A.B. asks: 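Can you keep this structure in mind? I'll have questions shortly.
As the structure lists them, so they are numbered: ligands from 1, and atoms in each ligand from 1. Worth saying up front: this structure is predicted, and the values here are computed from it rather than measured.
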Amino acid sequence: MRVYNFSAGPSMLPLSVLEKAASEMTNYRSSGISVMEMSHRTPLYESILNKAEADLRTLMAIPDNYKVLFLQGGASTQFAAVPMNLLNGSGKADYVVTGQFSKKAMQEAAKYGDIRKVASSEDKNNTYIPRLTKEDFRPDADYVHICFNNTIYGTKWDYIPDTGDIPLVADLSSCILSEPVDVSKFGLIYAGAQKNMAPAGLTIVIVREDLIGKARPETPAMFDYKLLADNNSMYNTPPCYCIYMAGLVYEWLLEMGGLSVMAEKNRKKAALLYDYLDSQSYYTAPAEASARSLMNVTFVTGNADLDKLFAKEAEKSGLCSLKGHRSVGGMRASIYNAMPYDGVVALVEFMKAFADNNPKN
Ligand SMILES: *Cc1c(COP(=O)(O)O)cnc(C)c1O
């Protein structure tokens, strides 16, 4: 039996994608070999990579003046690659801290230049998104960095901050492909694949062409966007199988009707859970309503022992990995694209029964 996996990542993949991959595992489309065994320098593999890129461009309506890179190293590697490539003018960059990942990104960038924390939501344990205007940013900053969906805290930016002419860089690891986003508003988007796209091991970078080619001299070749782009993401061996899996996920999304259809499904799933949370008092949802994530839903009972029991009993009912991040406690339900609506129905039913069976005196 397959369980409902609410893990923040690696997370669920669509069953039909897994089945397709399984059916092609040992002999990819009559080629006689597995994608895992295929040289990346073959026309057959190049067709897999090129189709994945073309489909991602279609899904996200990525403008022609953006490069798409398929890389390794996770989103965390981009915490360093971004400043190495973009911190090349004034040497200043502005960071907004709305959780642990944006904080880590800022700390990494601080090794390379004059990094300022523009605003943060740390004063309220990252339960909200700061309201910012163009005037909040240093006009000579090389870029502004945000984390668009805060995986640990269950918050998401409900607006794209206006940074004027300063390129906006965003970590979209936990919300990419969950709904349409206007790529042209960003100078650079990066995302680890293991939340909403593919198995762990692949990282996507979408970068405006005019921002590349000016990497700092000490930048390792493997971090240099220009070199990676000029080599069609194959400066070295790319994460071949993950790219193939991502390609299957892109096909799944296209067949469904694209990101507006996916967004509709995601809103329906999230609403089911948030509406229940708002309707009762046993559980509380710490994230401010305007900042609620569609992908990661955090909630607590207010009693650490009950929280622990909740996660343990849920696991026995086939509702897995609901324990919240240690910095927030409580529970976190990650309901990424591949989580079926029925999984959220099952979770809400479980929450109701748990509340009935475990009164708080
Ligand atoms: C998971 C996650 C990361 C870390 O990703 P790795 O691929 O493990 O480096 C960074 N940012 C966000 C928003 C995440 O959700």
A.B. asks: Just checking R41: does its CZ atom have more than 12 heavy atoms from other residues, nucleotides or ligands closer to it than 6.0 angstrom?
C.D. replies: yes
A.B. asks: Considering only heavy atoms of G74, which atoms of ligand 1 have at least one such atom less than 4.0 Å away?
C.D. replies: 7 (O), 9 (O)
A.B. asks: Would you say G9 contacts ligand 1, with heavy atoms under 4.0 Å as the rule?
C.D. replies: no
A.B. asks: Consider every N or O of D171 and every N or O of ligand 1, then say whether any pair is closer than 3.5 Å.
C.D. replies: yes
A.B. asks: Would you say Q194 and ligand 1 have an N/O pair spaced under 3.5 Å apart?
C.D. replies: yes
A.B. asks: Check whether any side-chain N or O of Q72 sits under 3.5 Å from a backbone N or O of T237 as a donor-acceptor pair, and report yes or no.
C.D. replies: yes
A.B. asks: At less than 4.0 angstrom from any non-hydrogen atom of S76, what atoms of ligand 1 do you find?
C.D. replies: 4 (C), 6 (P), 9 (O)
A.B. asks: Does any N/O atom on A75 come nearer than 3.5 Å to any N/O atom on ligand 1?
C.D. replies: yes
A.B. asks: Using a 4.0 Å cut-off to any heavy atom of K195, which atoms of ligand 1 qualify?
C.D. replies: 1 (C), 2 (C), 3 (C), 14 (C), 15 (O)
A.B. asks: Cation-pi check for Y341 against K268: NZ or CZ below 6.0 Å from the six-membered ring centre and within 45 degrees of the axis, yes or no?
C.D. replies: yes
A.B. asks: Checking side-chain polar atoms at under 3.5 Å, does N303 have a donor or acceptor matched by the opposite partner on T301?
C.D. replies: no
A.B. asks: In ligand 1, which numbered atoms sit nearer than 4.0 Å to a non-hydrogen atom of C147?
C.D. replies: 13 (C)
A.B. asks: Which class fits the ring pair F310 and F354: parallel under 30°, tilted 30 to 60°, perpendicular over 60°?
C.D. replies: perpendicular
A.B. asks: Check the orientation of Y250 and F70. Use parallel for under 30°, tilted for 30 to 60°, and perpendicular for over 60°.
C.D. replies: tilted
A.B. asks: Identify the closest protein heavy atom to atom 3 (C) of ligand 1: which residue and atom is it, and at what distance?
C.D. replies: F101 CE2, 3.4 Å
A.B. asks: Hey, which atoms in ligand 1 end up nearer than 4.0 Å to a heavy atom of T151?
C.D. replies: 12 (C), 13 (C), 14 (C), 15 (O)
A.B. asks: First locate atom CD of E108, then atom OG1 of T77, and finally report the distance between them rounded to the nearest 0.5 Å.
C.D. replies: 8.5 Å
A.B. asks: Between A200 and ligand 1, which residue portion shows a heavy-atom distance shorter than 4.0 Å: side chain, backbone, both, or neither?
C.D. replies: neither
A.B. asks: Examine the proximity of ligand 1 to N149 and report which part, side chain or backbone, both or neither, has a heavy atom under 4.0 Å away.
C.D. replies: backbone
A.B. asks: For N126 and T98, which I'm curious about, is there any donor-acceptor pair between the side chains at under 3.5 Å?
C.D. replies: no
